[in-house]
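The figures here come from the full heavy-atom set of this structure, side chains too, leaving out hydrogens, waters and symmetry mates. Atoms within a ligand are numbered from 1 in the order they appear, just like the ligands themselves. As the structure is a computational prediction, the values presented were derived from the model and not from experiment.
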Amino acid sequence: MGLLKIFIPLLVLSACGSNEYDSVKLVDSNATQQTKTLFVNLDQMRHDYVLFGHQDTRAYGVKWSGDESRSDIKDVTGSYPAIYGWDLGHLELGSEENLDKVNFNQMREWIIDAYERGGVTTLSWHLNHPVTGNRIPEEHNPDEWEAAGSAWDTQPVINDILPGGSHEEVFNEWLDNIADFFHSLESRTGDGHLVPIIFRPWHEVTGFWFWWGSEAAAPEEYIRLWRYTVESLRDERGVHNLLYAYTPNTFNELDDWEDFWNWYPGDDYVDIIGFDDYYTLQGGYGDEEPVEMFTSMLKYLVEESEARGKIPVLGETGLEAITIHDWYTDRMLKAIKGDPAASRIAYMLVWRNANEATDRQDHFYAPYVGHPSAEDFVKFHNDPMILLENDLPDMYSMP
Ligand code: BMA
């Protein structure tokens with residue numbers, strides 16, 4: 001199966017001449033070679049494949065925590081996911097652990113390991129509120145993740161942290177801290193080049209729940225924040241191993257799909273475009289045909305992204321606790337395959353599998369061994385379109 005899956009992309013990649021490679025236009029024209037190559041390969045492969053990703057996959061699963069070389073996806077299929085999601089929340093504070101207790105030194109090692117095996121990493125950032133949350137929280141209560149001071153504290157603050165604002169220094173320090181982390185992702189392969197990262201900051205802007213979201217911030221403020229973030233990392237701090245992903249909340253919560261673009265920071269500031277959606281496929285918005293609805297949203301995303309020269313993705317998705325046991329094949333796969341354009345997303349990422357003993361209960365999005373959805377996930381992966389890490393060609397070599 002692995003061989004069948006990789007045969008076509010290798011042919012496609014070898015047909016892509018170096019001129020095409022040179023013409024790739026990224027947010028960062030000085031992006032490292034591996035970063036540019038990742039973009040080109042994702043852009044080629046999405047015509048035939050969808051890479052599957054999972055948040056925090058190596059740190060813990062529903063029934064385990066901290067085991068070596070483990071992942072619920074790997075337990076079920078024999079392979080790690082193709083895409084690894086991690087979150088930088090609390091790195092800004094200088095904390096050793098992120099908001100879900102993942103140690104940042106371990107995260108770094110897991111990111112580098114994944115790269116060495118050919119996997120791809122995307123980082124989100126549930127950073128604290130810069131005014132009310134500028135301190136490492138004393139206690140960790142997984143049930144109080146939306147507490148005051150967190151990313152979910154919606155007191156307006158963007159103007160205070162941009163140049164001239166009362167808290168600009170705090171924010172600049174926070175950017176220093178994440179820039180240091182990006183700079184520390186040295187590969188182990190000789191020249192120590194940096195591992196490329198798909199950075200997905202300021203996500204779900206069209207939702208009401210974050211301090212950078214639609215409840216607390218005007219589109220102009222958000223766009224200033226986004227551009228300032230890019231310019232600070234790229235131009236002031238010399239971070240050149242990032243692709244930038246813009247992923248608002250689902251189209252299904254917008255009055256008008258066009259509103260998705262009200263917050264768009266511009267073609268010069270975005271490499272990858274996607275949305276986050278947890279409820280459409282389970283019928284959560286009352287659509288008569290949820291699968292068809294999801295297909296239409298993917299199709300719109302893909303066509304709009306392609307028109308802008310960007311890569312379309314499904315930034316975050318999943319069904320909490322996978323209560324529909326054939327959700328992966330009967331909902332997600334059907335939606336992706338419902339239209340040729342819809343199937344041209346490069347990847348999808350499902351959210352984390354919280355450990356039931358130490359973290360939240362029934363908060364998981366990937367199957368684990370023994371869960372009634374595991375068999376269906378194997379079928380999902382058996383589809384030639386869906387790739388895990390073992391199915392990947394070399395994502396980091398020049399086509
Ligand atoms: C949310 C939940 C929280 C978690 C946060 C950041 O969706 O999973 O438990 O703290 O994401 O990862």
Is there any N or O on W152 that sits under 3.5 Å from an N or O of ligand 1? no

In this structure, are over 12 heavy atoms from other groups packed under 6.0 Å from E116 atom CD? yes

Please test R108 against E186 for salt bridge (charged side-chain N to carboxylate O under 4.0 Å, His left out), starting from the C-alpha separation and ending with a verdict. CA-CA 9 Å; R108 177 186 302 109; E186 269 187 36; over 6 Å; no

Please say whether W351 places an N or O atom under 3.5 Å from an N or O atom belonging to ligand 1. yes

Between H126 and D87, do the side chains contain a donor N or O and an acceptor N or O under 3.5 Å apart? yes

Return the residue, atom name and 0.1 Å-rounded distance of the protein heavy atom closest to atom 10 (O) of ligand 1. D100 OD1, 2.6 Å

Strictly under 4.0 Å, does any heavy atom of H363 approach an atom of ligand 1? yes

Do H167 and D160 have side-chain atoms, one donor and one acceptor, less than 3.5 Å apart? no

Is D87 close enough to touch ligand 1? Criterion: a residue heavy atom under 4.0 Å from a ligand atom. no

When the ring centroid of W263 is compared with that of W202, is the distance short of 6.0 Å? no

For F199 and F182, I'd like to know if the aromatic rings sit close, meaning centre-to-centre distance below 6.0 Å. yes

Ligand 1 and R360, any nitrogen or oxygen pair closer than 3.5 angstrom? yes

Quick check: W145 and ligand 1, any N/O pair under 3.5 Å apart? no

